Asker: 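Attaching a single structure in structure tokens format; questions to follow.
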There are 2 protein chains.
Amino acid sequence: MDERTETGLPRAVAIAWGMHEVPQRGPNRGLSHERIVAAAIEIADAQGLPAVTMQAVAKSLGFTTMSLYRYVSGKDELLRLMQDAALAVPEEADLPDDWRAALRVWAGFVREAYHDHPWVLQMPRGQISVLMPNSVRMADLGLRALRDLPLDNEEKIGVILVVSQHVTSTVELQLNLADEGEFVMSADGLDVLGQVVTPERFPDMAPVLRAGQFLETEDTPAREADDVQVEYDLGLDLIISGLEQRIARASAPE
Amino acid sequence: MDERTETGLPRAVAIAWGMHEVPQRGPNRGLSHERIVAAAIEIADAQGLPAVTMQAVAKSLGFTTMSLYRYVSGKDELLRLMQDAALAVPEEADLPDDWRAALRVWAGFVREAYHDHPWVLQMPRGQISVLMPNSVRMADLGLRALRDLPLDNEEKIGVILVVSQHVTSTVELQLNLADEGEFVMSADGLDVLGQVVTPERFPDMAPVLRAGQFLETEDTPAREADDVQVEYDLGLDLIISGLEQRIARASAPE
DNA sequence: ACCTGAACACCGTTCAAGT
DNA sequence: ACCTGAACACCGTTCAAGT
């Protein structure tokens with residue numbers, strides 16, 4: 001489905017790595033992949049993903065819409081490039097020696113990246129390529145955190161995958177809550193909701209909703225955004241302690 | 001940003017619960033929220049998310065595009081309804097008594113749902129409302145699996161969140177691999193990639209890539225789709241064993 | 001009350017033409 | 001080689017009009 005270069009690499013991958021030959025002879029009026037992607041990210045940061053149109057990007061650069069097509073095969077490719085560029089990670093990052101601490105620091109990098117560019121969460125993630133530069137960088141750093149653990153590579157990849165997805169889901173939840181927290185539900189609303197979310201149909205969830213854990217009503221205060229921190233820590237704790245167990249078992253079998 | 005009913009509930013929530021008064025007097029030519037959403041889902045299943053346009057949905061139902069707007073405030077709302085409807089879960093599902101087994105069964109439900117409707121993964125998830133019917137149902141079932149554990153509700157919510165996100169990330173990975181597996185990378189391609197993904201810059205990731213763990217080349221066989229099963233199990237194992245630890249610690253403190 | 005037809009603004013993309 | 005202008009197909013949405 002995707003455009004590919006002669007090497008078999010997806011075009012976006014080649015571009016992101018700077019491997020796409022830009023002839024560099026002739027008029028070159030100053031447009032480039034980097035500038036286009038940067039402009040697009042700036043728009044997304046400021047006005048959200050829907051504001052990123054080919055026309056808006058071109059205009060912000062002072063060029064016509066069509067000039068972009070010399071650098072980018074289409075909007076999909078631009079989005080792909082934005083997605084990876086947004087997930088920048090400090091290339092020369094130091095990680096603590098203890099793998100638990102290192103994994104937490106790494107998780108923090110991931111969190112920060114999504115936090116800086118929340119619109120990435122709104123993009124189709126079905127297309128994230130494991131071959132894009134920042135994905136590779138992130139993965140490399142994650143593997144480094146786990147370097148001394150007695151796990152094979154596949155397991156390590158699995159771990160950093162689990163961790164990174166946990167982080168993104170937490171950021172996502174945070175944004176959701178901030179979003180839904182924008183409206184205050186009236187007593188009416190809570191009532192109406194209570195009529196469908198009954199303890200009979202939802203014995204376990206009804207009490208939670210009724211407790212207003214997730215809802216801002218006229219009576220209960222808003223759930224603090226920092227509350228998500230609890231879930232963030234919980235997930236990380238579970239994974240790390242699960243990992244400790246696994247290692248203990250492996251090094252002292254039976 | 002969202003449209004709300006007088007009760008303060010988002011419109012999509014009210015509709016999904018069937019709480020939106022459909023006057024039901026007069027000509028009623030047979031259109032309904034349910035039919036519209038079902039038609040849209042059918043299109044997404046068959047032709048992918050981009051094929052879901054207001055015109056395509058209307059046409060497949062034999063109505064004009066504009067007729068949809070009597071039921072749905074716009075495309076966003078339709079997408080929201082599709083998203084929730086796609087995550088259907090057996091309402092009368094039985095869960096094993098053992099919480100570990102129950103959690104695994106529950107994870108399987110989530111997995112199945114995404115597997116049946118992979119396009120949900122391509123939708124902005126920043127908008128998933130915790131108030132939508134199937135979200136509530138899923139959460140209820142998840143909480144039921146954990147019912148007997150000595151955790152408070154917030155922790156339990158955290159756990160099912162972590163688990164469900166792990167599952168979706170696994171399905172996502174599976175789809176990514178299937179996608180990237182569509183192209184065979186030439187020896188050239190691997191070479192070119194090797195020039196940027198060097199052991200110097202990516203000491204931990206370069207060997208993994210070189211091992212071709214994620215890539216189908218002319219030499220190495222494709223990574224089996226079922227291979228993702230390893231990551232699926234790993235994550236679930238980690239979480240469950242982390243949970244066991246936490247419980248053991250809680251019931252026998254110090 | 002429910003649906004239609006015409007119309008509008010906007011967006012992604014093409015193609016041939018300019019310098 | 002790099003960019004532009006005109007044009008096209010398509011999409012979401014509005015509004016007034018039909019039954």
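In the text below, chain A, chain B and the rest are named by the order of the sequence lines, each starting its count at 1. Nothing here was measured: the structure is a model prediction, and the numbers come from that model.
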Asker: Would you mind reading off the distance between B:Y71 atom OH and C:dA1 atom P, rounded to a whole angstrom?
Answerer: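 That distance rounds to 12 Å.
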Asker: Say you draw a straight line from CG of B:L193 to OG1 of B:T198; how long is it, rounded to the nearest 0.5 Å?
Answerer: 11.0 Å
Asker: In whole Å, what is the span from the CZ atom of B:F63 to the P atom of C:dG5?
Answerer: 13 Å
Asker: Could you give the CG-to-P distance, from A:L61 to D:dC3, as a whole number of Å?
Answerer: 11 Å
Asker: Between B:L68 (CG) and D:dC11 (P), how many Å, whole number?
Answerer: 13 Å
Asker: Flag this pair as yes if the NZ/CZ of A:R111 is under 6.0 angstrom from the six-membered ring centre of A:Y232 and inside a 45 degree cone about the axis; otherwise no.
Answerer: yes
Asker: Which nucleotide, if any, forms a Watson-Crick or G-U wobble pair with C:dC2, using both distances under 3.5 Å?
Answerer: D:dG18
Asker: Does A:Q55 have a side-chain nitrogen or oxygen under 4.0 Å from the phosphate oxygens OP1 or OP2 of C:dG12?
Answerer: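 Result: yes.
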Asker: Does any nucleotide pair with C:dA7 by Watson-Crick or G-U wobble geometry, both distances under 3.5 Å, and what is it?
Answerer: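 Base partner found: D:dT13.
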Asker: Taking CG from B:L49 and C1' from D:dC11, how many angstroms apart are they, rounded to a whole number?
Answerer: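 Result: 14 Å.
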Asker: Classify the nucleic acid contact of B:T53 as base, sugar-phosphate or nothing, counting any heavy atom under 4.0 Å across all strands shown.
Answerer: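 The answer is sugar-phosphate, as B:T53 gets under 4.0 Å only of primed atoms, P, OP1 or OP2.
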Asker: Starting at OG of A:S169, measure out to OH of A:Y114 and round the result to the nearest 0.5 Å.
Answerer: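 Answer for the OG-OH pair, A:S169 versus A:Y114, is 11.0 Å.
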Asker: Could you say whether A:R70 or A:V52 is positioned toward the 5' end of DNA chain C, judged by the nucleotide with the nearest heavy atom to each?
Answerer: A:V52
Asker: Working to the nearest 0.5 angstrom, can you tell me the gap between A:L78 CG and A:H33 NE2?
Answerer: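 Output value for this atom pair is 10.0 Å.
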Asker: Could you give the CE-to-P distance, from A:M66 to C:dC11, as a whole number of Å?
Answerer: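 Result: 14 Å.
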Asker: Compare side-chain N and O positions of A:S67 against OP1 and OP2 of D:dC3 and report whether any pair is under 4.0 Å apart.
Answerer: no
Asker: Do any side-chain nitrogens or oxygens of A:Y69 fall under 4.0 Å of OP1 or OP2 in D:dC3?
Answerer: no
Asker: Indicate the atoms forming the closest heavy-atom contact of A:L61 with A:L68, along with that distance.
Answerer: CD1-CD2, 4.5 Å
Asker: For B:I36 and D:dG12, give me the distance from atom CD1 to atom P, rounded to whole Å.
Answerer: 14 Å
Asker: Need one value for B:M54: base, sugar-phosphate or nothing, where a base atom within 4.0 Å counts as base even if backbone is also close, heavy atoms only.
Answerer: sugar-phosphate
Asker: May I have the distance from A:L79 (atom CG) to C:dG12 (atom C1'), rounded to whole angstrom?
Answerer: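 Atom CG in A:L79 sits about 12 Å away from atom C1' in C:dG12.
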